[in-house]
There are 2 protein chains.
Amino acid sequence: MNDMKKSVIKRRKSADIRKDNLQLILSVAEQRFAEYGYNGTTISAIADQAKLPKSNILYYFKTKEVLYKEVLSKILKIWMVDMEEMTAEQHPKQALRHYILLKIKQSKDHSNASRIFASELLHGAPFLRDKLQTDLKTQFIRTCQVIREWIAKQWMNPISPEHLLFMIWSSTQAYADYGLQSSILMGKTELEDDDFETGAELITQIVLKGCGIKLL
Amino acid sequence: MNDMKKSVIKRRKSADIRKDNLQLILSVAEQRFAEYGYNGTTISAIADQAKLPKSNILYYFKTKEVLYKEVLSKILKIWMVDMEEMTAEQHPKQALRHYILLKIKQSKDHSNASRIFASELLHGAPFLRDKLQTDLKTQFIRTCQVIREWIAKQWMNPISPEHLLFMIWSSTQAYADYGLQSSILMGKTELEDDDFETGAELITQIVLKGCGIKLL
DNA sequence: GAACTTGTTGACTCCGTGGTCAGGTAGTTG
DNA sequence: CAACTACCTGACCACGGAGTCAACAAGTTC
């Protein structure tokens with residue numbers, strides 16, 4: 001029986017072992033960091049939850065900081081990718097609607113990642129200040145430019161693109177960050193699919209109308 | 001010289017000493033907790049910054065948790081008080097504009113408090129879940145009711161009061177929580193008075209228009 | 001299957017942190 | 001000024017967490 005187990009389960013190539021373990025650790029770490037923050041998370045806790053000995057975690061990630069940064073770097077990508085899709089050629093009605101929808105979806109499907117990102121910003125972005133100043137800023141400026149072109153084409157009212165983006169970010173992000181608070185206030189244990197939909201719909205409506213975007 | 005110091009500076013009544021020290025400690029603690037979170041803040045760090053020995057902090061606050069809760073309890077009050085002003089009799093145009101302005105002001109003037117509150121929610125509100133479920137929820141329901149009456153009076157479009165409040169909260173709160181990110185993206189070292197004003201103006205405009213609130 | 005690389009792990013060290021305590025000093029009260 | 005209370009603080013302790021290490025097991029390569 002033990003032999004069978006060995007041949008069926010344990011016979012893995014080194015490369016696979018590595019891949020699997022990295023994946024497992026990263027995923028557990030993401031959960032813990034989201035829930036308890038960087039300082040509130042211990043390697044032992046991650047180890048326990050991943051059902052691996054602590055030393056094994058340290059074997060794959062030299063330090064806690066390395067592990068955290070690894071988690072973070074995946075997150076920034078997720079966070080930025082949706083923005084790239086907006087172009088000046090699109091009409092803001094579709095573009096913004098689509099963007100808001102993606103953002104809400106992100107809050108729902110990657111709530112842990114979103115929350116880690118938020119927590120990082122909240123405490124002064126000690127670990128990803130550089131990336132903000134380069135990668136995100138570039139994309140931010142580009143997107144502001146897109147909005148400015150929409151304004152020039154009179155597809156929407158002349159409003160500050162920067163602050164508009166902040167508003168969209170924060171109100172969509174809130175469904176991840178403050179999902180718990182929201183559900184408590186609405187007397188639920190957690191947000192349901194419906195809530196995300198209603199939220200997306202409301203944000204879209206208010207933003208479109210608020211920006212004076214005419215229906216095509 | 002020393003005598004003079006003693007008689008001028010050090011001759012304080014016990015009651016005053018107590019008051020002053022409590023105040024000092026709470027204020028320093030608020031700063032540290034905002035910047036580094038609960039787990040990232042050490043009593044020694046607070047002590048150093050307050051220029052008091054660690055033991056002295058522990059003399060006034062038995063444990064770190066007690067100190068943190070003390071800081072928190074002040075915050076929830078600040079956070080809730082603005083909401084109370086909105087009533088069904090007011091027209092939403094003035095009421096919402098006023099509320100948004102207050103909220104932004106809060107993000108500016110009490111950014112530390114705001115950030116601690118946000119961080120607390122982000123990590124599941126371990127210390128103020130109870131208060132949310134009682135105090136804040138009561139006020140929340142009341143305010144939703146106010147909005148519902150506005151809708152009934154056709155002063156604004158029929159939209160979910162709950163989600164509208166979430167949207168207002170998050171977008172105003174963002175100026176505290178993500179102020180740093182924002183300033184980085186806009187190439188500043190920190191947000192200026194102008195930014196808060198522009199933000200408040202933009203949020204107000206978008207929300208009012210977005211809710212279909214007619215000008216009187 | 002021998003030499004080598006990669007993965008695994010328990011025992012250990014080191015250090016920072018929350019919290020205690022005992023012995024002080026400064027204000028208060030009769 | 002004597003007795004008392006409130007305030008102050010350095011020395012100390014216990015604990016938990018990050019990270020090391022050495023020895024071993026499992027896969028790989030020829």
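Chain letters run A, B, ... following the sequence lines, proteins first, then strands; residues in each count from 1. The figures here come from the full heavy-atom set of this structure, side chains too, leaving out hydrogens, waters and symmetry mates.
- B/Gln31 and B/Ser27 share no donor-acceptor pair across their side chains, judged by distance under 3.5 Å alone.
- For the pair A/Ile43 CD1 and D/dG19 C1', the computed distance is 7 Å after rounding to whole Å.
- With a 6.0 Å radius and a threshold of 12 heavy atoms from other residues, nucleotides or ligands, B/Gln133 has its CD atom above the threshold.
- The two atoms that bring A/Pro92 and A/Leu208 nearest to each other are O-CD2, 4.2 Å, heavy atoms only.
- To the nearest angstrom, P of D/dA18 lies 8 Å from CD1 of A/Ile46.
- Residues A/Glu201 and A/Gln205 have side chains in contact (heavy-atom distance under 4.5 Å, counting atoms from C-beta outward).
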Restricting to nitrogen or oxygen on both sides, can you table the protein-nucleotides 22-24 of chain D pairs closer than 3.5 Å?
none

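- Among residues two or more places apart in sequence or in another chain, the salt bridge (charged side-chain N to carboxylate O under 4.0 Å, His left out) test is passed with B/Arg142 by none.
- Evaluation of the side chain to side chain contact (heavy atoms under 4.5 Å, CB included) rule for A/Leu24 yields A/Val28, A/Ala50, A/Leu52 as partners, not counting sequence neighbours.
- With axes fitted over five pairs at each extremity, the angle between the ends of the helix from C/dG1-D/dC30 to C/dG30-D/dC1 is 10° (10° resolution).
- Of all the residues in residues 22-40 of chain B, not one reaches under 4.0 Å from DNA chain C with any non-hydrogen atom.
- Evaluation of the side-chain hydrogen bond (donor to acceptor under 3.5 Å, both in side chains) test over residues 174-185 of chain B, restricted to residues two or more places apart or in two chains, returns A/His163-B/Tyr175, A/Asp177-B/Tyr178, A/Tyr178-B/Asp177, B/Gln173-B/Asp177.
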Next on the checklist: Please evaluate residues B/Gln90 and B/Thr87 with respect to the criterion side chain to side chain contact (heavy atoms under 4.5 Å, CB included), reporting the C-alpha separation (whole Å), side-chain torsions for both, the decisive distance (0.1 Å), and the verdict.
Outcome noted: CA-CA 6 Å; B/Gln90 294 172 293; B/Thr87 65; 3.4 Å; yes
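- Interatomic distance, CG of B/Leu67 versus CD1 of B/Ile43, reported as 7.5 Å (0.5 Å rounding).
- In this structure, the CG atom of A/Asp20 is 12 Å from the P atom of C/dG7, given to the nearest Å.
- The side-chain heavy atoms of A/Leu202 and B/Phe166, taken from C-beta on, include no pair separated by under 4.5 Å.
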Item to check | Verdict with supporting geometry, B/Lys74 and B/Glu70, salt bridge (Lys or Arg N to Asp or Glu O under 4.0 Å) | outcome: CA-CA 7 Å; B/Lys74 271 177 43 188; B/Glu70 206 65 44; over 6 Å; no
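- Here ring pair (Phe, Tyr, Trp, His ring centres under 6.0 Å) pairs that include residues 101-137 of chain B, with residues two or more places apart or in two chains, are B/Tyr38-B/Phe127, B/Tyr68-B/Phe127, B/Trp79-B/Phe117.
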Checklist entry - Step by step, would you call A/Tyr99 with A/Trp169 a ring-ring contact (aromatic ring centres under 6.0 Å, His included)? => result CA-CA 10 Å; A/Tyr99 182 58; A/Trp169 283 347; 7.8 Å; no
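- Scored by the salt bridge (charged side-chain N to carboxylate O under 4.0 Å, His left out) test, B/Asp194 finds no partners at all (sequence neighbours excluded).
- Distance B/Ile57 CD1 to C/dT17 P: 14 Å, rounded to the nearest Å.
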Taking N or O atoms only and anything under 3.5 Å, show me the protein contacts with nucleotides 3-7 of chain D, one pair per line.
unit_1: D/dC7; atom_1: OP1; unit_2: B/Arg18; atom_2: NH1; d: 3.3
unit_1: D/dC7; atom_1: OP2; unit_2: B/Arg18; atom_2: NH1; d: 2.5
unit_1: D/dC7; atom_1: OP2; unit_2: B/Tyr59; atom_2: OH; d: 2.8
unit_1: D/dC7; atom_1: O5'; unit_2: B/Tyr59; atom_2: OH; d: 3.4

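- Spacing between atom CG of A/Leu52 and atom P of C/dT8 amounts to 8 Å, rounded to whole angstrom units.
- Taking B/Asp193 as the reference, B/Lys108 meet the salt bridge (charged side-chain N to carboxylate O under 4.0 Å, His left out) condition, with sequence neighbours excluded.
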Please tabulate, one pair per line, each protein N/O and nucleotide N/O from nucleotides 10-15 of chain D that are separated by under 3.5 Å, including the distance.
unit_1: D/dG10; atom_1: N7; unit_2: B/Ser55; atom_2: OG; d: 3.1
unit_1: D/dG10; atom_1: O6; unit_2: B/Ser55; atom_2: OG; d: 2.5

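- In this structure, the CG atom of B/Asp48 is 13 Å from the P atom of D/dT9, given to the nearest Å.
- Scanning for salt bridge (charged side-chain N to carboxylate O under 4.0 Å, His left out) contacts around B/Asp82 gives an empty result, with sequence neighbours left out.
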